[in-house]
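Everything quoted here is computed from the prediction, not taken from an experiment. Lettering of chains follows the sequences in order, A, B, ..., and the numbering in each one begins at 1.
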Number of protein chains: 2
Amino acid sequence: MSLKNGATLVAQYPKMPITVDCVIFGFDDNELKVLLIRSDLEKYQGMWSLLGDVVQETEEIDAAAYRVLDQRTGMTDIYLDQVRTFSRPNRHPGGRVVTIAYCSLLNIKHHSLKITDNELHWHSVSSIAEMAFDHKEILITCHEWLQKMIQENPVGFNLLPDKFSLRELQNLYEAILGIELDRRNFRKKFATMNLLIDLDEMEEDVPHRPGKLYKFNFEKYNKSNRKWVGIDF
Amino acid sequence: MSLKNGATLVAQYPKMPITVDCVIFGFDDNELKVLLIRSDLEKYQGMWSLLGDVVQETEEIDAAAYRVLDQRTGMTDIYLDQVRTFSRPNRHPGGRVVTIAYCSLLNIKHHSLKITDNELHWHSVSSIAEMAFDHKEILITCHEWLQKMIQENPVGFNLLPDKFSLRELQNLYEAILGIELDRRNFRKKFATMNLLIDLDEMEEDVPHRPGKLYKFNFEKYNKSNRKWVGIDF
DNA sequence: TTTCATTGTGTGAATTTTACATAATAAAAA
DNA sequence: TTTTTATTATGTAAAATTCACACAATGAAA
């Protein structure tokens, strides 16, 4: 076999555009939400789509995803993960476009969407009917990814305020997993994990007995080498 | 905001080549192996690389991965999964090439490599020093993926002959996970899972007391809706 | 026939999961 | 002010699972 020159070889390869699509989950009003934008394509007029953009010639794809997130929401320091690549040849009406889905979790209260035109909107995940492109499929895949993720890693904290009650934490888990959990066992689980710091503060402005407020123990998280005992319910 | 025509928009997008790289794991001689091919690039002369190829203009990426596998090994009906996309802008010396890694598990004994030139070779995973491109990184990622996968799904059977002993099965787990397991607890685990069918046959040509042979209970697997209790050791 | 390595099975302690009940507290209602 | 009500907060026992470990049975090799 003869050896080849890399540049010569690559020059002959078929080329296609690559995009990133960000599935940005938030949590509010006891519901899992996702940040959507109205499609700017004729074909999908009025339909909702994920936040995406094309990847630039020399841009690392992860970087493109962070860029999209920054440009759309102003957020920079948040959790972001590659989930999966979607490549159906006709998934984009304008021609072949391969897209790479990223997931991110953010605290809605922290981000009063800087771009507050009505093109951008937090949607309840459970009530989305139709979406542009194959974005519904991507969203479902990312939701499943999140369900798995949240049971193996304490990523849920990224969706909550800095201070939160155990009830809020449990509501989050129930919303993401779509199941009800036993309150006592849930609290016990987190108690034994030692991941919560009791702030000795109470909830305020709640229409019932206030619960204690906690914050996430980041130090413990970092020290633990990220090997998590799964969170099984 | 004005609505756009999809084709017009996509025509302006930067384009780049996409490849697939297949990390094909096999198991033999109590070692986890991976199928590698000698790089045909000048720059990587003599170095080993994953089995890959460029994705065609209208080809679904999954299809490209299956095609590569078929072309290189002649196998068609096997387990194949997308793992992750690698996109470092200079990961390919010939220019920007994004690659999508796929993992597959196959039974070495079933496939006396049709292409038996010495460009293709089963390597022990634990003894690979250097590889072309970023393929070492891809391999490590896929190995970690496999370690996780095999603890959640009974995919290990794809790496074994149709008939196998419990010792062979345990050797496989130990090789993939890189740890030793307790024989009694291992056997008990699989006994309670009810995934093995006792064939009432014994190993032959082994230099010690022969063990019973089992086969994988595919019916049970299919009926179970693929919701697996994790295999924890 | 003896040795030896390996298969095959069991058992009890420790840990984790699961199911469930009651007391304490603060808001809301009477 | 008192009572009601919803919610927080905590405990406990049974069941299931994990973990650590020991011994008998078998067949090959010596």
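- Asp200(A) meets the side chain to side chain donor-acceptor pair (under 3.5 Å) test with no other residue; sequence neighbours excluded.
- Arg183(B) comes within contact range of at least one nucleobase, with a heavy-atom separation under 4.0 Å.
- Note on residues 155-164 of chain B: pairs passing side-chain hydrogen bond (donor to acceptor under 3.5 Å, both in side chains), not counting sequence neighbours, are Lys163(B)-Glu201(B).
- Distances shorter than 4.0 Å separate some side-chain N or O of Arg187(B) from OP1 or OP2 on dG8(C).
- Between the CZ atom of Phe186(A) and the P atom of dT7(D) there is a distance of 17 Å, rounded to whole Å.
- Rounded to whole angstrom, the span from the CG atom of Asn185(A) across to the P atom of dT10(D) amounts to 14 Å.
- Checked against a 6.0 Å centroid threshold, the rings of Phe164(B) and Phe27(B) do not count as neighbours.
- For dT17(C), one of the phosphate oxygens OP1 or OP2 lies less than 4.0 angstrom from a side-chain nitrogen or oxygen of Lys189(A).
- Rounded to a whole Å, the CG atom of Asp182(B) is 15 Å from the C1' atom of dT17(D).
- Rounded to whole Å, the distance from CZ on Arg184(B) to P on dA22(D) is 8 Å.
- Between the C1' atom of dT16(C) and the NZ atom of Lys188(A) lies a distance of 10 Å, rounded to the nearest Å.
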Going 5' to 3' along nucleotides 25-30 of chain C, which nucleotides have protein heavy atoms under 4.0 Å from the base (write B), which only from the sugar-phosphate (write S), and which from neither (write -)?
-> BSS---
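- Between the C1' atom of dC19(D) and the CD1 atom of Ile179(B) lies a distance of 13 Å, rounded to the nearest Å.
- Using cut-offs of 30° and 60° on the angle between ring planes, the pair Phe186(A) and Phe190(A) is tilted.
- For Thr73(B) (side chain) and Asp70(B) (main-chain N/O), no donor-acceptor pair under 3.5 Å exists by modelled atom type.
- The CD atom of Glu168(B) sits 14 Å away from the P atom of dT6(C) (whole-angstrom rounding).
- Checking side-chain atoms of Thr99(A) against main-chain N and O of Thr19(A) turns up a donor-acceptor pair under 3.5 Å.
- Within a 6.0 Å radius of NZ in Lys136(B), other residues, nucleotides and ligands contribute more than 12 heavy atoms.
- The nearest whole Å value for the distance from the CG atom in Leu181(B) to the P atom in dT18(D) is 13 Å.
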